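A quick write-up on the structure given underneath.
Here the structure is a predicted model, which is why all the values come from computation and not from measurement. By convention in this document, chain letters (A, B, ...) are assigned in the order of the sequence lines, proteins followed by strands, and residues within each chain are numbered from 1.
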Amino acid sequence: MIDLKHLREDPEHYRKGARLKNVDIDIDRVLGLDERRRAIVHQQEQLRAEQKQLEKQSGQQIGQLMGRMKAASGDERSALERELASLRAAPAALKEKIQGLDVDLTEIEPELSALLLEIPQPPDADVPEGAGSDDNVEIRRWSPPGYDLGRSFEQNRGFPPRTHLELLEMHGLVDFERGVKMAGSRSYVLTGDGMRLHQAALRYAFDFMTSENGFTPMSVPVIVREECMVGTGFFPSGRDQAYLVDEQSRGGSNDLFLTGTGEVGLMGLHQNEILDESALPLTYTTVSTCFRREAGAAGKDTAGLYRIHQFDKVEQVVICRADEQESRAWHQKMLGFVETLLQRLGLPYRLLQCCTGDLGMKNADMIDVECWMPGRGEEDANGRPLGAFGETHSASRLYGYQCRRLNMRYRGDSTDGKPAVCHSLNNTVLASPRILIPILEMHQNKDGSITIPEALRPHLGGAERIG
RNA sequence: GGAGAGGUGGCGGAGCGGUUGAACGCGCCGGUUUCGAAAACCGGUAUACCUCGCAAGGGGUAUCGGGGGUUCGAAUCCCCCCCUCUCCGCCA
């Protein structure tokens with residue numbers, strides 16, 4: 001959520017931000033509703049103050065008169081009754097007015113709060129303008145010594161690459177048929193070394209973050225309340241991407257949602273808390289199963305392990321002080337972790353600066369990491385793929401947008417002891433089985449065997465190859 | 001699934017219709033004392049929104065799980081919802 005006060009001060013900033021993100025939102029409508037709401041609340045508060053005054057003045061009198069009533073009779077009694085009635089009339093009139101204003105508020109507030117959730121965070125000024133992913137800008141690329149991304153796989157390695165589908169099949173690493181039989185399209189079953197490799201990659205990434213980078217390991221719920229989804233910014237806009245656990249229809253008190261990323265659980269941890277500044281930054285990592293409906297992606301990446309409904313992911317989040325420089329520094333650092341990891345896995349990659357149109361609601365800045373997948377992309381004259389980069393990571397810088405929704409604040413010396421909204425960032429560490437695509441394709445040998453990256457071998461009982 | 005108990009400030013725990021944002025204790029912060037510390041003593045210690053002020057700060061309203069109701073007045077009474085806990089059953 002954006003800062004409403006800031007919106008009032010500089011609405012153009014948000015109009016422009018929404019435009020750059022191709023989000024259709026009527027900022028003036030929001031401002032108008034906010035204006036009306038504040039006027040009504042102000043009026044109400046004044047009336048309430050008046051009411052309180054009256055209470056203090058007449059309350060005692062009423063008490064006394066009631067006492068005298070008990071003993072009184074006849075003319076005295078009716079005189080007292082009249083006096084009581086007049087004392088009660090004024091507060092009653094005020095109450096009616098206040099309640100009337102309440103009605104006015106109920107006409108405004110639902111729309112206002114709904115709209116507020118839909119105002120996107122404006123992109124940072126140094127984010128390139130663009131309409132969508134085609135306008136993203138490459139920042140840098142890396143490939144292991146001896147592998148030149150300017151040349152084809154065959155030129156580099158001396159034989160044409162098999163696709164990950166072919167390699168999976170060849171080594172019996174996955175059973176798509178039975179996956180689909182049980183759970184429908186985009187489902188799969190990792191088998192044998194496929195499952196081992198998957199677990200090894202996750203475990204390596206998890207250990208890397210906790211042991212080497214000092215992040216705090218956490219488990220998180222992957223079935224959460226709607227509150228968490230709204231708080232982390234995935235709802236309302238991404239509602240159709242999440243699986244719904246419809247408990248209400250069977251009498252349960254709350255519907256629940258399956259999370260599409262560990263970010264939801266990690267960020268939800270400190271919802272509605274005021275943290276001590278000395279506790280920051282919080283650096284958390286988790287490995288969790290992620291569920292995505294992939295609504296609207298019908299027909300896209302239907303084959304293989306690229307776009308699936310369920311996968312596992314090691315995720316990193318950082319919650320830090322409300323300081324742009326600090327946020328920016330963490331963003332770079334979190335990207336650095338990923339680069340180190342990919343380099344150790346020997347996977348060529350590039351960093352993409354996402355343009356304004358590709359940022360999503362929440363981000364001020366987002367940098368994607370794409371790994372080189374030789375079996376992906378357009379085909380050559382022989383019907384063989386030319387290779388392409390495929391997204392494997394996404395590093396977001398959200399400033400206070402997410403924490404404001406989550407009501408996650410901190411205080412300390414730098415805030416003068418007053419609560420301030422935390423900043424948050426998140427980035428993939430490793431998502432599998434998608435990461436198996438470049439691992440298999442990049443480390444395949446001419447005979448189709450796979451050389452296991454050294455880093456993963458300790459998690460595979462020391463095995464050096466598959467096949 | 002069956003049966004109970006309960007949700008009050010950072011925590012513990014009072015209050016059960018009237019200057020109660022809320023006793024008391026703990027914690028925390030500041031001060032006195034001390035060579036220093038502990039102890040003791042004194043003072044302070046919520047959040048949100050609105051408003052006045054350059055600021056320090058002042059004023060107002062709301063908040064005792066959430067919503068609604070009764071009442072001149074509700075943390076206190078009534079209704080609905082949510083949540084947590086305990087016991088039994090089932091179970092990874």
Check this one for me: any side-chain N or O of [X] less than 4.0 Å away from OP1 or OP2 of [N]?
| X | N | answer |
| --- | --- | --- |
| A:Arg8 | B:C50 | yes |
| A:Asn254 | B:C81 | no |
| A:Arg409 | B:U47 | no |

Pairwise [atom1] distance for [N] and [M], with rounding to whole Å:
| N | M | atom1 | result |
| --- | --- | --- | --- |
| B:A14 | B:G68 | C1' | 28 Å |
| B:C64 | B:G10 | P | 13 Å |
| B:A74 | B:G17 | C1' | 6 Å |
| B:G18 | B:U76 | C1' | 11 Å |
| B:U8 | B:A92 | C1' | 38 Å |
| B:G44 | B:C35 | P | 28 Å |
| B:C16 | B:G31 | P | 39 Å |
| B:G7 | B:G66 | C1' | 11 Å |

Could you identify the nucleotide paired to [N], looking across every strand shown and requiring Watson-Crick or G-U wobble geometry with both distances under 3.5 Å?
| N | value |
| --- | --- |
| B:U63 | B:A46 |
| B:A37 | none |
| B:A55 | none |
| B:C26 | B:G10 |
| B:C72 | B:G18 |

Output the single nucleotide from B:U51, B:C83, B:G69 whose closest atom is nearest the side chain of A:His42.
->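 Comparing B:U51, B:C83, B:G69 against the side chain of A:His42, the answer is B:U51.
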Roughly how many Å is it from [atom1] in [X] to [atom2] in [N], rounded to a whole number?
| X | N | atom1 | atom2 | value |
| --- | --- | --- | --- | --- |
| A:Ile98 | B:G68 | CD1 | C1' | 17 Å |
| A:Glu247 | B:C82 | CD | P | 13 Å |
| A:Glu96 | B:U71 | CD | C1' | 16 Å |
| A:Arg37 | B:A48 | CZ | C1' | 11 Å |
| A:Glu277 | B:C29 | CD | C1' | 16 Å |
| A:Asn407 | B:G66 | CG | P | 14 Å |
| A:Lys95 | B:A74 | NZ | P | 8 Å |
| A:Glu45 | B:C50 | CD | C1' | 5 Å |

Residue closer to the 5' end of RNA chain B, A:Ile274 versus A:Gln46 (nearest nucleotide) =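 Result: A:Ile274.
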Between A:Arg411 and A:Ala49, just flag the one whose closest nucleotide in RNA chain B comes earlier from the 5' side.
->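 So the residue in question is A:Arg411.
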Give A:Lys418 one of three labels, base, sugar-phosphate or nothing, depending on what nucleic acid heavy atoms sit under 4.0 Å from its own.
->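 Here A:Lys418 touches no strand at all.
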Quick one: label A:Lys52 by what it contacts on the DNA or RNA (base, sugar-phosphate, nothing), any heavy atom closer than 4.0 Å.
->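 Since only primed, P, OP1 and OP2 atoms lie under 4.0 Å of A:Lys52, the category is sugar-phosphate.
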A:Val174 side chain near A:His198 side chain, heavy-atom distance below 4.5 Å |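 Side chain of A:Val174 against side chain of A:His198, heavy atoms only: no contact under 4.5 Å found.
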Do A:Glu277 and A:Arg411 sit within salt-bridge range, that is, some charged N less than 4.0 Å from a carboxylate O?
->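 Not counted as a salt bridge, because no side-chain N and carboxylate O are separated by less than 4.0 Å.
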So, are A:Arg344 and A:Glu212 salt-bridged, with charged N and O less than 4.0 Å apart?
->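 Looking at A:Arg344 and A:Glu212, the cut-off is met.
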Aromatic ring proximity, centroids under 6.0 angstrom, [Y] and [X]:
| X | Y | value |
| --- | --- | --- |
| A:Tyr284 | A:His270 | yes |
| A:Phe291 | A:Phe257 | no |
| A:Tyr14 | A:His6 | yes |

Worked check of side chain to side chain contact (heavy atoms under 4.5 Å, CB included) between A:Val421 and A:Met408 = CA-CA 6 Å; A:Val421 176; A:Met408 192 192 296; over 6 Å; no
